Amino acid sequence: MTALASIRSLTVTYRRDGAEVAALKNVSLDIPAGERFAIIGESGSGKSTLALAIAGLLPATAKIEGRIDWLLRPPPMFGAKAPAGLRDHAPIGGRDMGFIFQDPSASLDPVMPIGKQIAEVAYTHLGLSWRDAYAKAKTLLERVRLPDPDAALRAFPHQLSGGQKQRVAIAAAIAAGPKLLIADEATSALDTIVQAEIVGLIRRLVAEDGMTLLFISHDIALAAELAERIAVFRHGELLELDSTAQIVNAPRHAYTRVLLDAHLGLDAEPLLRRT
Ligand SMILES: Nc1ncnc2c1ncn2[C@@H]1O[C@H](COP(=O)(O)OP(=O)(O)OP(=O)(O)O)[C@@H](O)[C@H]1O
Ligand SMILES: [Mg+2]
């Protein structure tokens with residue numbers, strides 16, 4: 001399979017108050033096109049840093065060593081002679097990849113009606129007329145199963161529940177038909193029932209649109225529900241990377257076992273049945 005993103009010996013260091021924090025240490029992995037891939041680990045393990053690196057969105061203050069190659073490269077005619085800017089080009093947010101974050105309010109504009117926000121993504125990246133982009137926004141609200149899409153088009157984010165806002169954020173994230181969907185703790189702030197609904201929604205949309213999924217969570221059970229492969233991180237290091245079945249049934253690393261035990265307690269059956 002072709003890698004959508006190929007990461008080699010990636011080390012990312014932040015500088016804060018004169019001190020250096022190594023957020024990722026010598027990480028190498030491939031995310032094949034079309035795969036549902038999960039990154040798990042405790043807070044501060046470097047999950048978001050990896051997502052931002054893949055998206056080309058790390059802050060300028062971050063020191064980056066190693067390399068990331070994307071499938072979305074400059075046209076082949078440029079080859080090795082591509083101008084530096086093109087050679088290094090990263091995917092474009094919205095068009096090549098869609099993002100969903102823990103807090104949907106962070107990605108939604110509080111003073112703009114929802115329909116306009118979603119339409120703007122389609123308008124900007126797909127070259128649609130405003131009218132067509134707005135019609136697409138309605139279709140997207142239907143696809144994410146928001147009740148009463150017509151009313152939702154005109155609503156403002158604060159008029160919706162947390163779960164509904166996350167559905168809107170997902171609609172905006174996929175509005176331009178990105179190849180890669182990155183969900184960074186996208187269900188962590190929701191209660192369990194809504195969480196399960198959003199996981200189901202992500203699974204359906206990823207299948208329908210043939211997207212590659214990068215699902216980031218501290219919750220190994222949620223990751224196991226969605227992902228075909230799981231990468232376990234701790235303190236910026238990739239501890240193990242394997243198929244979901246292998247990680248869940250026979251983890252190689254003691255830390256993965258700790259994550260499993262912490263989640264499952266004595267009853268491992270429900271999670272094992274899912275894989
Ligand atoms: N912009 C930044 N400037 C300085 N340090 C940062 C910055 N972003 C992250 N860090 C540090 O880098 C390390 C990894 O952070 P990161 O946000 O990638 O972890 P995470 O696994 O996503 O954690 P969480 O589960 O809490 O979201 C942490 O020590 C964090 O404090
Ligand atoms: Mg994070």
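Only a predicted model underlies this, so the values are computations on that prediction, with no experimental measurement involved. Positions are given from 1, in the same order as the sequence printed here. All ligand and atom numbering here is 1-based and tracks the order in the structure.
Classified by interplanar angle (parallel below 30°, tilted 30° to 60°, perpendicular above 60°), the ring pair F101/F99 is parallel.
If you number the atoms of ligand 1 from 1 as listed, the ones under 4.0 Å from a heavy atom of E42 come out as 21 (O). Near V21, meaning under 4.0 Å from any of its heavy atoms, are these atoms of ligand 1: 29 (O).
The shortest separation from a heavy atom of H218 to ligand 1 is not under 4.0 Å, leaving the residue out of contact. Under a 4.0 angstrom heavy-atom cut-off, R15 registers as lying outside contact with ligand 1.
Ionic pairing of D184 and K47 is not present here: no N-O contact between side-chain nitrogen and carboxylate oxygen is shorter than 4.0 angstrom. With respect to the salt-bridge test (charged N to carboxylate O, under 4.0 angstrom), the residues D132 and K136 do not qualify. A salt bridge does not link E120 with K116: none of the charged nitrogens is closer than 4.0 Å to a carboxylate oxygen.
Considering only heavy atoms from C-beta on, L52 stays 4.5 Å or farther from V12 through its side chain.
Evaluated by nearest non-hydrogen atom to atom 17 (O) of ligand 1, the leading choice among S48, S45, S43 is S48. Heavy-atom proximity to atom 5 (N) of ligand 1, evaluated over Y14, F233, F101, is greatest for Y14. Among A22, G44, G41, the residue whose heavy atom lies nearest to atom 28 (C) of ligand 1 is G44.
One distance of note links CD1 of I39 with CG of L50; it measures 4.0 Å at 0.5 Å rounding.
Ranking the protein heavy atoms by distance from atom 15 (O) of ligand 1 puts T49 OG1, 3.9 Å first. Atom 19 (O) of ligand 1 has as its closest protein heavy atom G46 N, 3.3 Å.
For T49, every N, O or S atom stays at 2.8 Å or more from the Mg ion (ligand 2).
Of the possible polar contacts, none joining the Q102 side chain to the A186 backbone as a donor-acceptor pair under 3.5 Å is found. Side-chain N or O atoms of E225 include none that pairs as donor or acceptor with a backbone N or O of V199 at under 3.5 Å.
Between A23 and ligand 1, no N or O atom pair is found at a separation short of 3.5 Å.
Atom CZ of R8 sits in a crowded spot, with more than 12 heavy atoms from other residues, nucleotides or ligands closer than 6.0 Å.
Closer than 4.0 Å to atom 30 (C) of ligand 1 lies none of the heavy atoms of the protein.
Within the 4.0 Å heavy-atom criterion, both parts of K47, backbone and side chain, lie near ligand 1.
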